[in-house]
Participant: 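Dumping the structure here so I can ask a few things about it.
Since the model is a prediction, treat every value here as computed from it, not as a measurement. Computation of the quantities below employed the complete heavy-atom set of this structure, encompassing side-chain atoms and omitting hydrogens, waters and symmetry-equivalent molecules.
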Amino acid sequence: MIYINNVYKSIGNKSVLKSINLKVQKGSIFGLIGENGAGKTTLIKCLTGIYKADKGEIKIDNEEVFENNKIKDRMGYVADQNNYFSFFKVKEIINFYKDTYSNFSIDRFRKLNNIFKIFENKRIKDLSKGMKMQLSLMLNLSINAKVLILDEPTSGLDVIVKKKFTNILLEEVEKNNTTIFISSHNLGDLERICDNIAIINRGEIKYVNSIENMKKNIKKLQVLFNGKVPEEIHSWKEIMYIKNIGRINYIITKNYSKKLEDNLINMGAQFVEEIDLGLEEMFIYSVGEELDSEKCMS
């Protein structure tokens with residue numbers, strides 16, 4: 001559905017994106033994670049056709065995105081900052097979208113607005129940051145998009161509205177087979193809804209995996225030995241991290257299996273207990289050390 005192949009992009013004299021390669025399946029939710037300045041927004045602007053890539057190709061449904069009005073007519077884009085004309089009224093922005101997108105549904109907008117309740121006679125300048133984000137989300141959900149590109153869409157939303165929004169996204173994928181590409185700093189937001197995730201650092205994709213695979217393979221084990229951890233265990237390829245606190249050893253696996261637990265017991269472990277890990281901890285253990293080492297070298 002979304003195909004990004006060997007994409008490079010420079011802004012001024014600065015190289016922002018370097019050899020970006022990603023594939024996003026139709027009807028899935030793909031999360032992009034990275035620090036400020038990592039290249040997330042630049043990649044999204046290339047994906048939406050705002051920027052033209054210096055090199056490489058970006059396709060949706062096997063068609064190039066840049067200057068392709070057919071593709072853009074079925075693409076929703078929610079920016080991290082929604083700079084609508086501040087003196088426009090909400091109803092005027094609705095009319096703009098209705099005139100711009102061939103499949104815009106005012107009925108869908110009104111149905112969504114029954115949830116978010118933004119007055120159509122209000123001027124954009126009088127809306128809070130969170131309300132502007134809600135308006136942008138409603139408008140782009142109402143164009144019946146095949147693809148939704150969302151850049152920090154939960155920024156400014158309170159906990160209740162955020163939960164409503166994530167439920168709407170899940171429903172959008174289930175009912176309409178919409179493909180969603182979402183960027184966020186908040187890994188907790190992505191953990192619930194994403195099928196696959198990638199981390200970008202200094203303009204390069206450092207890690208791509210599915211949430212399912214991460215949860216299956218990256219685990220934290222609490223292990224008790226009668227004495228020190230046997231030296232041999234430190235070299236096991238399934239293990240990426242061991243930390244000792246008192247008598248307890250915490251072992252982080254990158255390729256968990258029941259056989260690994262059995263091997264620990266055979267090496268003298270008195271008990272092995274699995275501890276739940278969230279997406280944020282998984283990323284810290286799986287890519288955090290690599291990113292930290294790069295910072296130290298810079």
Side-chain angles (χ1 to χ4, degrees), residues 2 4 20-25 27-41 43-44 47 78 80 133 137 148-174 178-222 238-243 250-257 260 273-295:
I2 298 175
I4 302 172
I20 302 292
N21 293 280
L22 289 173
K23 291 181 182 179
V24 181
Q25 297 299 318
S28 67
I29 303 179
F30 191 98
L32 181 68
I33 299 165
E35 298 178 338
N36 288 332
K40 299 191 305 299
T41 296
L43 178 56
I44 282 176
L47 181 55
V78 177
D80 57 342
M133 183 61 75
L137 290 165
L148 278 173
I149 313 295
L150 311 175
D151 193 359
E152 299 289 347
T154 58
S155 176
L157 301 184
D158 63 41
V159 175
I160 294 173
V161 173
K162 192 184 293 185
K163 186 173 182 180
K164 290 178 181 177
F165 163 63
T166 53
N167 288 337
I168 290 168
L169 287 186
L170 292 169
E171 184 179 297
E172 183 73 15
V173 172
E174 182 180 355
T178 306
T179 305
I180 298 176
F181 190 98
I182 179 170
S183 162
S184 179
H185 284 96
N186 193 324
L187 276 66
D189 290 347
L190 299 183
E191 183 172 3
R192 182 183 169 210
I193 63 173
C194 287
D195 300 296
N196 298 280
I197 46 179
I199 187 167
I200 186 170
N201 184 55
R202 295 186 178 184
E204 297 180 85
I205 298 297
K206 295 293 186 180
Y207 185 87
V208 183
N209 208 339
S210 71
I211 298 287
E212 182 181 355
N213 280 340
M214 291 182 75
K215 288 185 174 180
K216 178 181 176 182
N217 292 307
I218 303 174
K219 293 184 181 290
K220 187 175 187 178
L221 304 177
Q222 185 173 255
E238 303 96 329
I239 293 174
M240 55 181 163
Y241 182 79
I242 300 175
K243 184 174 183 178
Y250 294 95
I251 297 177
I252 309 301
T253 73
K254 60 182 175 182
N255 190 15
Y256 170 83
S257 66
L260 174 62
E273 182 180 17
E274 184 183 329
I275 300 174
D276 289 337
L277 282 178
L279 180 59
E280 184 171 357
E281 288 179 289
M282 291 183 204
F283 262 112
I284 289 170
Y285 288 124
S286 59
V287 299
E289 289 185 5
E290 176 187 350
L291 299 185
D292 285 343
S293 66
E294 287 186 3
K295 286 180 186 177

Participant: Any non-hydrogen side-chain atom of Ile20 less than 4.5 Å from a side-chain atom of Ile200?
Facilitator: yes

Participant: Under the ring-ring contact (aromatic ring centres under 6.0 Å, His included) test, which residues partner Phe165, sequence neighbours left out?
Facilitator: none

Participant: Let me have the donor-acceptor pairs involving side chains of residues 190-197, under 3.5 Å, with sequence neighbours excluded, atom names and distances please.
Facilitator:
| residue | atom | partner | partner atom | Å |
| --- | --- | --- | --- | --- |
| Glu191 | OE1 | Leu279 | N | 3.1 |
| Glu191 | OE2 | Leu279 | N | 3.4 |
| Arg192 | NH1 | Thr166 | OG1 | 2.9 |
| Arg192 | NH1 | Asn167 | OD1 | 3.2 |
| Arg192 | NH2 | Asn167 | OD1 | 2.4 |
| Asp195 | OD2 | Ile29 | N | 2.8 |

Participant: Give a yes or no on whether the backbone of Gly27 and the side-chain of Thr179 come within a donor-acceptor separation of less than 3.5 Å.
Facilitator: yes

Participant: Under 3.5 Å, side chain of Ser28 to main-chain N/O of Gln25, donor-acceptor pair present?
Facilitator: yes

Participant: What is the distance from atom NZ of Lys23 to atom CZ of Phe30, rounded to the nearest 0.5 Å?
Facilitator: 12.0 Å

Participant: Look only at the side chain of Lys40 and the backbone of Gly34, and say whether a donor-acceptor pair between them is shorter than 3.5 Å.
Facilitator: yes

Participant: Is the CD atom of Glu238 crowded by more than 12 outside heavy atoms at less than 6.0 Å?
Facilitator: yes

Participant: Identify the residue among Ile149, Ile182, Leu150 that makes a side-chain contact (heavy atoms from CB on, under 4.5 Å) with Ile44.
Facilitator: Ile149

Participant: Consider side-chain contact (heavy atoms from CB on, under 4.5 Å). Of Ile4, Asn21, Ile199, Leu22, which one does Ile205 pass it with?
Facilitator: Leu22

Participant: Measure the spacing between CD1 of Ile211 and NZ of Lys215 and express it to the nearest 0.5 Å.
Facilitator: 6.5 Å

Participant: For the residue pair Ile275 and Tyr250, establish whether any side-chain heavy-atom pair is separated by less than 4.5 Å.
Facilitator: yes

Participant: Out of curiosity, Thr41 OG1 to Asp80 CG, how far, rounded to the nearest 0.5 Å?
Facilitator: 4.5 Å

Participant: Does the pair Ile218 and Met240 meet the rule for a side chain to side chain contact (heavy atoms under 4.5 Å, CB included), with working shown?
Facilitator: CA-CA 9 Å; Ile218 303 174; Met240 55 181 163; 3.8 Å; yes

Participant: Holding to salt bridge (charged side-chain N to carboxylate O under 4.0 Å, His left out), I want the full list of residues that pass it with Glu274, two or more places apart in sequence or in another chain.
Facilitator: Lys219

Participant: Calculate, to the nearest 0.5 Å, the distance between atoms CD1 and CD belonging to Ile251 and Gln222 respectively.
Facilitator: 10.5 Å

Participant: For Tyr256 and Leu221, what are the C-alpha separation, side-chain angles and deciding distance, and is it a side chain to side chain contact (heavy atoms under 4.5 Å, CB included)?
Facilitator: CA-CA 10 Å; Tyr256 170 83; Leu221 304 177; 4.2 Å; yes

Participant: Treating Thr154 as the side-chain partner and Leu157 as the backbone partner, does any N or O pair qualify as donor plus acceptor under 3.5 Å?
Facilitator: no

Participant: Listed by chain and number, what are the side chain to side chain contact (heavy atoms under 4.5 Å, CB included) partners of Asp276, not counting sequence neighbours?
Facilitator: none

Participant: Using the side chain to side chain contact (heavy atoms under 4.5 Å, CB included) criterion, which residues pair with Asp158? Sequence neighbours excluded.
Facilitator: Ile160, Val161

Participant: Could you list the residues that satisfy side chain to side chain contact (heavy atoms under 4.5 Å, CB included) with Thr178, not counting sequence neighbours?
Facilitator: Leu148, Glu172, Asn176, Ile180

